[in-house]
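Lettering follows sequence order; numbering is per chain, from 1.
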Amino acid sequence: MSIAEIVDKHGNHRENLLNILHDIQDFTADNSLHQNDLQQLSQIMCLPVSEIVGTASFYTMFSLQPRGRHVIRLCESPPCYIKGADNILRALEQKLGVKVGQTTQDHMFTLETTSCLGVCGVAPAMMIDEVVYGNLTEAKVKTIIDEMMRQSA
Amino acid sequence: MSRTRIFVLIAIDANTVIAGAREIKNCFSAEIGRLGLSDEVQVIETGSFGPADAGVLAAVQPDGLVYGNLTMDDVPRIVAEHFVKGRVYQRRLLEGEVPPPAPDDADARHTQRHGRIVLENCGRIDPERIEEYIANDGYLGLGRVLTEMTPTQVIDEIKTSGLRGRGGAGFPTGLKWAFCAPVKAREKYVICNADEGEPGTFKDRLIMEGDPHKVLEGMAICGYAIGAARGYIYIRGEYRLSIDRMQRAIEQARKFGMLGRKLFGSDFNFNVEIRKGAGAYVCGEETALIESMEGKRGLPRLKPPFPAQVGFRGRPTNVNNVETLANVPVIMRRGGEWFRGLGTPGTPGTKVYTILGHIRRPGLIEVPTGVTLREIINEYGGGMQAGSFHMAQLGGTAGDILGAEMLDVPLDYDALQKVGHVLGSGAILIMNETVNLRDFLHVCLRFFYHESCGRCNPCRNGMRVLRDITGRLKDGCAYRDDPLLMQEVALMLKSSAFCPLGQSPAAPIMSAWRYFRDEIMLGVDAQAVRPRQPRNRRETLQAAV
Ligand SMILES: Cc1cc2nc3c(=O)[nH]c(=O)nc-3n(C[C@H](O)[C@H](O)[C@H](O)COP(=O)(O)O)c2cc1C
Ligand code: FES
């Protein structure tokens, strides 16, 4: 969908900005908001780019930096922490060879930490794109990553 | 005519989907079809049963038993053994699966189900079919309100019930509506707060996933009471299943005339829309939520004016939590007096808790207010999983950390207030001695540091200072005056931060100090010397070069 179509779908109104940004980001290959898209959006919606960037940068679900094809968001809130989220983070960093906030060289994965995902019953938990994984162990995250790599290979 | 003899209810919620509930459900349907039992055995998709850590769950009715931790291999066996031969498949029977809990467990389970109000339909009905909600007295409350009552009577009924907001602050709901109702405006709004960012809380999610129409009905009743024709549900972006189920519920309610124009033959119109959040804890605060709904940064507004006067689009707005609104239909159906008789006098009704941590059965429970922490751990949580009780955090990360002394205090807003604590959002995190208090405190402050919206100076800088101090305490290299400084900063934030988010760290910090002073002091290194801070601009500049 083009930017204009997305705006039309939600309605050209400031109130719909978040929903519009969600859609724009979902349509990109690198899970981020691109400068030229935002410029175009700014013209269509008659909003300064600074306003749009200011809004987008406030929310953790939007990224202005390019990210990998898959975004891994590991929960680091207290309930997951006491179930060993720190060990999971180390396992993920080791497996992917990147630190939090970085993207793998092949642009497959970006590793992020996040606040509570609301699935604390199966802590520790993470989300890869739209899918939630719970009761994580170091072995389990490695299998999950291997599986995703295999599928895309 | 249907000859259904057995109903298989499969819980499809965020927790079970992770364990593969959808695949198991399809497998059940296929297996039942293969054996030609489709007429006799019906597979139904429903909401959460409560247990969050027992894999895929299936209840079999009318036998009234629950299978847990199901795998694909179990499905043909259950179908062959239970549905064909009528023998219970012991291997996955949930009672056998969990280690034997408190002796009176059967009773506890029974009363737990029995006393459910908010969750009465969760795990019983198919949340994607409005017919089932209606068959369980759904929309009866709305019907009664629209045909028999004036808006003032509705508000009075809520006041009689004594219902208090379940979003954290415990503000009386009737009073809140009464503020908004008399304000004259061209348009007013009802907002359902489903942002649920408080770590450890997922009750709103399971309510929306298990019984979405209850929330819609509550919103419509509120709309009628305060004179609003539009409702919005602000759901956090991560809650995909909640968004889908609410969306479907809204469409069905429109089709059935429960939302839309001239409801139940009255002059009342009401419509509901969903707004998606984008990941910011502070947006759970009602004024920040309104800013976010207007498409801006989610920065809290100055109060007063309160949203009841100047809210969404500058018009009168009523913001309520999901659970609060889900209590409303039953109050209208059974009367405020009945509701008032439940729980404690100060906080009538029930409370939905999410119990977590080192207990045997983490999950969602609904209990009368006034139950103690000890009862929750032993009767509903199945006891400690390993080790012994060390501490609990009540109401999420912005809540108090309690020591063993507090195990027997009844959980309701007033009783806790008397001993200087708050109930908060309904998260109860139980920890054994493997958790180091100083580590835990640091993780809490890391959360706050990350979520500070940056609007006001005390919060923006104070959170960083607190994170650094707790970090030093965790590493055992804190300066001698750090514990004192930590409390000073926390109290300074409490008195000067712009919004309640900045005021929150005082709760975990001061309560931790109250119960675990010794453990905090263990993080102090008596030898460590704080580097001298620059006193004036010249020294600062010199330090910089
Ligand atoms: C930082 C912060 C986060 C909050 N998060 C939530 C939330 O996630 N859900 C919620 O219902 N209320 C939340 N609240 C409380 C709301 O501001 C508000 O009090 C509540 O929605 C009122 O509803 P109630 O009267 O039904 O409880 C939060 C408050 C603060 C200060
Ligand atoms: S704390 Fe990790 S999902 Fe809630």
What pair of heavy atoms forms the shortest contact from [X] to [Y], and how long is it?
| X | Y | answer |
| --- | --- | --- |
| Arg205(B) | Val119(A) | NH1-CG1, 3.4 Å |
| Leu356(B) | Pro79(A) | CD1-CB, 4.2 Å |
| Arg236(B) | Gly118(A) | NH1-N, 4.3 Å |
| Leu299(B) | Phe58(A) | CD2-CE1, 3.7 Å |
| Cys116(A) | Gly200(B) | SG-N, 3.6 Å |

Mind checking the [atom1]-[atom2] spacing from [X] to [Y]? Nearest 0.5 Å is all I need.
| X | Y | atom1 | atom2 | value |
| --- | --- | --- | --- | --- |
| Ile82(A) | Asn436(B) | CD1 | CG | 12.5 Å |
| Leu429(B) | Ser77(A) | CG | OG | 11.0 Å |
| Lys276(B) | Asn16(A) | NZ | CG | 12.5 Å |
| Tyr281(B) | Thr60(A) | OH | OG1 | 14.0 Å |

Do any N or O atoms from the side chain of [X] and from the backbone of [Y] form a donor-acceptor pair under 3.5 angstrom?
| X | Y | answer |
| --- | --- | --- |
| His450(B) | Thr114(A) | no |
| Arg297(B) | Gly54(A) | yes |
| Tyr59(A) | Gly298(B) | yes |
| Lys83(A) | Gly357(B) | yes |

Is it the case that atom [atom1] in [X] sees more than 12 heavy atoms from other parts of the structure closer than 6.0 Å?
| X | atom1 | answer |
| --- | --- | --- |
| His34(A) | NE2 | yes |
| Glu433(B) | CD | yes |
| Gln65(A) | CD | no |
| Glu147(A) | CD | yes |
| Arg455(B) | CZ | yes |

* Asked: Between Arg73(A), Glu51(A), His13(A), which residue shows the highest count of heavy-atom pairs closer than 4.5 Å to chain B?
  ->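 Max contact count across the listed options: Arg73(A).
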* Against chain B, work out which of Ser57(A), Ala123(A), Ser115(A) has the most heavy-atom pairs shorter than 4.5 Å and name it. =>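 Answer, by heavy-atom pair count under 4.5 Å with chain B: Ser115(A).
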Measure distances from [X] to the heavy atoms of chain A and classify the residue's part below 4.5 Å as side chain, backbone, both or neither.
| X | answer |
| --- | --- |
| Thr201(B) | backbone |
| Pro362(B) | side chain |
| Cys283(B) | side chain |
| Val282(B) | side chain |
| Glu196(B) | neither |
| Gln385(B) | side chain |
| Phe447(B) | side chain |
| Thr434(B) | neither |
| Phe312(B) | side chain |
| Leu445(B) | neither |
| Asp439(B) | both |

* To do: Under 4.5 Å heavy-atom distance to chain B, tell me which part of Tyr81(A) shows up: side chain, backbone, both or neither.
  =>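 Only the side chain of Tyr81(A) comes within 4.5 Å of chain B.
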For the interface with chain A, which of [options] has the highest count of heavy-atom pairs at distances below 4.5 Å?
| options | value |
| --- | --- |
| Gly197(B), Gly363(B), Ser292(B) | Ser292(B) |
| Ala278(B), Ala280(B), Ala52(B) | Ala278(B) |
| Val17(B), Val435(B), Asn15(B) | Asn15(B) |

* Asked: Does Glu76(A) pair with Arg446(B) as a salt bridge, N-O distance under 4.0 Å?
  ->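 Salt bridge present between Glu76(A) and Arg446(B).
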* Asked: Can you find a heavy atom in the side chain of Glu294(B) that is under 4.5 Å from one in the side chain of Arg14(A)?
  ->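 Glu294(B) does not reach Arg14(A) side chain to side chain.
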* **Min side-chain heavy-atom separation Val132(A)-Glu238(B) under 4.5 Å** =>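 No; the side chains remain at least 4.5 Å from each other.
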* Report the residue from Arg275(B), Met293(B), Lys296(B) that forms a side-chain contact (heavy atoms from CB on, under 4.5 Å) with Glu15(A). =>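 In the set Arg275(B), Met293(B), Lys296(B), the residue that makes a side-chain contact (heavy atoms from CB on, under 4.5 Å) with Glu15(A) is Arg275(B).
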